[in-house]
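The structure appears below as structure tokens.
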Amino acid sequence: MTVVPFRPRSNGTRQGSLVSAHGQRSVLPPPGVKAVGIDLGTTNSVVSVFKEHREQPETLIYEEQSRLVPSVVHWMPETSTELVGRPALEAAHDNLGELIRSTKRLMGLAQQTFLSNGKQYTPEEAATSVLKYLTGHPTLSEEISAHGQLWAVVTVPAHFDDAARLATVAAAESAGIKVLRIVNEPTAAALAYSMLPDVRDLDKETLVVYDLGGGTFDVSVVEREGLVFNVLASEGDVQLGGDDFDTALAEYLAKHVRPELASKRIKPGSTAFKYLLHLAEDAKKKFQNQGSVQVKAENLDGTGAQIDLLLHRDVFESLAAPYIEKTLLLTERAIHAAKKRTKNISRVLLVGGSTRVALVRKMLEQYFPDCMVDARLEPDLAVSWGASIQAAIILGLEPSTILVDVCSHSLGVGVAEDSRSIDENFKKVARKFGLLRPVSEEQLHLVLGDKFDEFNRELRGLLRVAPIIHRNSPLPSLRSEFFNTLFDNQIAVQVIVVQGEGETVAENRLIGTFMFELQQPCPAGSKCEIQLTYDQNGMVHVLAKQLGTENQAEAIFDSRTGEVKGWVALADESPENPATDSDTEAIAEKSPAAVAFVPSKSTLADPSPQGAESEGSGVPAPTQVNAILVRARRHLMRLSSSSVHHGKLGQLIAEYEKLLALSAAGEDCDDALDAIEQDFQKIFES
Ligand code: ADP
Ligand code: MG
């Protein structure tokens with residue numbers, strides 16, 4: 001049987017490590033390109049360029065000598081021009097209602113749009129505008145003219161799902177940026193932290209990276225040994241940040257607007273409210289150094305509504321405290337997910353502009369009484385520094401740092417618990433579709449007509465999810481589970497791969513589905529193994545095996561697009577044939593019972609009570625390479641940084657990754673890859 005090689009062979013399917021929104025693999029960056037890191041923030045965006053090993057990266061300066069570029073867009077209908085950053089803020093000063101901001105909170109939701117003077121922007125389009133503006137900096141323009149393109153690492157909140165990540169990559173591509181890698185913001189901050197001189201000498205520590213920005217909160221627990229970083233767990237909320245402080249304070253201010261009638265008219269989203277938000281943010285920043293602030297404005301919305309109020313810090317803190325408590329809860333959850341306790345944490349790194357709020361620091365110090373709440377990193381710049389360091393690692397300019405990231409959402413498959421639950425689900429959906437009497441499978445097609453697919457989708461949505469790769473697993477990750485078939489002579493299993501933490505298929509994101517036909521005879525309770533592999537670029541590799549037979553099938557899905565990248569069907573079927581939902585119809589023609597999710601011999605296997613993990617040993621050839629990398633990285637983490645093998649193994653991993661990338665670009669590196677695999681093996685056995 002033909003397999004889709006996981007490791008690119010020179011004559012095989014190409015697969016590299018560079019991200020492309022539409023699934024095409026990018027060509028490798030030419031030598032001499034700069035290592036650029038972009039923190040595309042909800043509130044502010046920052047660009048840094050890697051300079052020298054162990055030197056602080058250079059942060060680019062934009063208008064008004066500022067390193068922070070507000071992530072805002074303003075459309076000027078008179079001149080049909082688009083303004084971004086500070087010029088946009090200034091142009092919209094008297095009409096803040098027309099300023100587009102905080103769009104990143106809705107990234108990946110293309111149906112959500114923002115309006116500026118009649119021009120509509122999706123979150124992705126707003127991000128494209130900001131990124132295009134960033135690339136206009138002379139240093140980056142120079143880079144584009146020298147190399148025809150800009151290569152960069154772009155960061156996203158750890159909690160972004162794959163749709164939001166994909167939208168970010170697509171926005172970058174529309175702005176002419178080739179994304180070297182998407183990196184989680186706290187991961188990038190932890191990398192930047194490695195630049196602090198005293199940290200380099202610390203042998204091992206467990207950090208909490210606490211990143212509270214304008215619109216998003218992210219927290220990661222990171223273990224660092226020497227220059228090896230291992231992100232143990234990430235938590236966060238893409239709807240929590242300094243904007244919430246501003247909104248709470250603006251709502252408070254609205255109650256003090258005079259005349260009272262005007263105060264009652266102020267609604268969230270109105271011009272007056274946006275003005276109050278602006279005043280609230282201003283006051284909030286002043287509370288860093290002052291106990292009270294005079295908030296004053298003569299005309300909030302052109303109708304004479306005004307405010308003049310002496311605001312005390314206590315009031316602000318009582319409004320902000322519930323949001324900070326929420327961040328502490330998420331922090332606790334991340335520590336728990338990392339299987340650590342608060343007392344194991346040696347340092348809390350403060351990242352994000354909102355960590356300048358004194359109460360944030362005070363509450364963190366109370367929560368972590370025995371460890372240092374570290375504010376030495378520039379909270380607004382750390383993420384972009386880390387991104388540029390990551391770019392340097394990818395480009396081979398920063399050889400000795402290795403980063404292990406985790407997946408932020410679980411991956412699993414839809415399962416039926418038993419035949420009774422299938423019957424119940426079927427009845428439930430049938431009732432919904434107005435089928436009050438039992439019907440045969442043949443009749444079902446006739447009765448439902450056009451609604452047949454919808455019926456199947458509903459039925460599929462009710463299946464329970466058995467997670468295979470759990471959230472917070474290190475990436476790339478490979479894990480499998482065993483499942484039982486439900487019926488005697490069951491003819492097929494529908495493999496439904498989903499992403500998320502929901503209990504049922506409908507509550508998760510559908511990544512892809514394919515039909516796995518079973519070899520006969522196949523008594524009920526026959527074991528099938530479903531193995532999932534997930535990499536940093538969101539590729540999901542699915543391998544289904546019928547135990548005790550040679551029968552297996554596999555597919556590669558791009559979890560960000562749901563696109564099928566490669567497919568190998570049964571041993572006697574064409575490997576060119578991707579099996580997607582539509583293909584299940586073809587199988588349906590052959591054996592209708594295989595797809596319709598009717599209570600018959602078709603439905604997915606139930607989770608085996610003996611479901612066990614199989615990792616490392618007995619890994620089949622196509623995924624072996626991936627397993628080797630995972631194993632090598634784990635092995636490296638177990639080795640003491642002073643051991644003879646540590647440096648050697650780190651070097652081998654870096655070389656191996658580079659060769660994989662070259663191989664993806666079409667070069668024949670198979671021999672060199674094989675040689676390194678043998679070297680890995682020797683180190684594992686030593
Ligand atoms: P993001 O990562 O969302 O782009 P940043 O890290 O740039 O955000 O942080 C922006 C947030 O930090 C905004 O809500 C801003 O009001 C807040 N902020 C910036 N400086 C201060 C300060 N001195 N005091 C309180 N909040 C601040
Ligand atoms: Mg940020």
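Indexing begins at 1, ligand by ligand and atom by atom, following the structure's order. Note that the structure is a prediction, hence the values are computed from the model and not measured.
When all heavy atoms of T135 and A175 are compared, the closest pair comes out as CG2-O, 4.2 Å.
Counting only residues at least two apart or in different chains, salt bridge (charged side-chain N to carboxylate O under 4.0 Å, His left out) contacts with residues 263-277 comprise E260-K264.
The 4.0 Å heavy-atom shell around ligand 1 contains residues G41, T42, T43, N44, G213, G214, G215, G242, E281, K284, K285, Q288, G352, G353, S354, R356, V357, ordered by chain and number.
Partners of Q239 under the side chain to side chain donor-acceptor pair (under 3.5 Å) rule, at least two apart in sequence or in another chain, do not exist in this structure. In terms of the side chain to side chain donor-acceptor pair (under 3.5 Å) criterion, residue partners of Y367 (sequence neighbours excluded) are, by chain and number, E332.
Figure legend: cation-pi geometry between K119 and Y121, with NZ or CZ positioned under 6.0 Å from the six-membered ring centre and within 45° of its axis.
A salt bridge between K132 and E82 is absent, with no side-chain N of the basic residue lying under 4.0 Å from a carboxylate O of the acidic one.
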